[in-house]
Structures are given as C-alpha cells and as structure tokens.
Amino acid sequence: MRKSIRFTALVLAVLMCAAAFAGCSKKDPDTPSGMKLASSEDTDYRMYVPENWRVDKSTLYTAAYYSSGDATSISATAYGMNYDDTTVDDWFEGFTEEFKEIYTDVTEAEAEEAKLGGVDGKKYTFSGTLNEKVYNYIIVAVLRQNYIYYITYTSTPEYYSDHLEELDDVIRYFEFK
C-alpha cells in the first residue's frame, strides 16, 4: 500500500512538473529572434518589439517603451480614414493640423517612401515642443482597406538615435494578419 501511495505521489509530481514546463511561455516560432509580440489578438496586425522593451497594455493601441529613464516609445495605431482623405499624405496633413494645436515649434516633416506590412506608404520625420520639452517623431503610415495604419516612434533628442535600429526592426517585422 505504501509503495502504491509513493508511486502515485511520484507520478503526480512528474505530471505537475511536466504541466509547469508546458505552461512556461514558449516563444511562437513566427516571432523574430530577439523580439516579442506587443499587439493583442484583437488587432488585425502583429507588431513585434525588442525583448527588452516594456509593452504598455494600459492604452487602447499597441505601445511599448524602452525604460523609465529613457521613455522612447513605439506605438501602432489604426484609424478609419476620413471621407476627405484619399492618400496617406492627405491623412498626414490633417494629423499635422491637429498636432500643431497641441505642440509648438513643429518642424516641417521630411517625407519619404516606406513600407509597412508589405504595403506602400510614407515615412515622416519631424519634431515638436510640448511643455518646453522637444520630442522627435518618426511616423510610418500606410492606407489599407480604408484604414490608416501607422507606427509612431517618439523620443527626446538625447535618446533619438539610440533606438533607430530597433525601430527599423519593428517596421521590418510588422505584419498584417
């Protein structure tokens, strides 16, 4: 009887260990090396960020930031297009108007061709001042199925260049479901 109880306890212990290991966070094989999934299952896209970035789940959009000392952030957002907007440039013009209502010293955006999730779009680089603090921005935007999808990179001048390669990885691995 004692052997039977010990054997059952041993089997249960082995099963519990196996369940614990199975429950460990396994990386999805589609997740790029050194990255983690930041977007939720509710979005129609996947945004990956570097593993050492912190994903912010308190917002309604996908967001991650580097650290509390360096608040550089990357976010992804999707919005339905306005009826007046027919291109990414149209959308960005309206975006800029609203941005200028909040920020001062907004620089003229440099625009260049870009891709996001395999879709042609634009990359805009600019800066603005809020509460006497300068912020640099890069926005990569695409129009897809009457929605504007865009990734926003925000940083202060002292950290701006530190994470540009990571931003390139986020953009490279962004995909639509």
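Values in this document were obtained by computation on a predicted structure and should not be read as measured data.
Of the possible polar contacts, none joining the Tyr149 side chain to the Leu116 backbone as a donor-acceptor pair under 3.5 Å is found. Here the side chain of Asp70 pairs no donor or acceptor atom with the backbone of Tyr66 at under 3.5 angstrom. Looking at Thr129, its side chain never comes within 3.5 Å of a backbone N or O of Glu132 through a donor-acceptor pair.
A 4.5 Å side-chain heavy-atom check between Thr72 and Thr154 finds every atom pair outside the cut-off. For the pair Glu166/Asn52, a side-chain contact is recorded, criterion being any heavy-atom separation below 4.5 Å from C-beta on. Counting only heavy atoms from C-beta outward, the side chains of Val55 and Val49 approach each other to under 4.5 Å. Between Tyr135 and Leu130, the closest side-chain pair of non-hydrogen atoms falls below 4.5 Å.
When only modelled atom types and interatomic distance are considered, Thr62 and Ser39 share no side-chain donor-acceptor pair under 3.5 Å.
Put simply, the residue from Tyr137, Tyr61, Tyr124 that forms a side chain to side chain contact (heavy atoms under 4.5 Å, CB included) with Thr152 is Tyr137.
Salt bridge status for Glu51 with Lys36: absent, with no side-chain N to carboxylate O gap under 4.0 Å. One finds no salt bridge joining Asp44 and Lys177 here, because no Lys/Arg side-chain nitrogen approaches an Asp/Glu carboxylate oxygen to under 4.0 Å.
Residues Tyr79 and Trp91 keep their aromatic ring centres 6.0 Å or farther apart.
No chain of hydrophobic side-chain contacts below 4.5 Å, direct or via other Ile, Leu, Val, Met, Phe, Trp or Tyr residues, connects Phe92 to Ile151. Met35 is connected to Met47 through a chain of hydrophobic side-chain contacts under 4.5 Å among Ile, Leu, Val, Met, Phe, Trp and Tyr, so both are in one cluster. Residues Leu164 and Tyr159 do not share a hydrophobic cluster, defined by chaining ILVMFWY side chains whose heavy atoms lie under 4.5 Å apart.
Closest of all the heavy-atom pairs between Phe99 and Gly128 is CE2-CA, 4.4 Å.
The cationic group of Arg144 lies under 6.0 Å from the six-membered ring centre of Phe176 and within 45° of the ring axis, placing it in a cation-pi geometry.
From Arg172, atom CZ reaches atom CD of Glu165 across 9.0 Å, with rounding to the nearest 0.5 Å.
Taking Asp89 as the reference, Lys122 meet the salt bridge (charged side-chain N to carboxylate O under 4.0 Å, His left out) condition, with sequence neighbours excluded.
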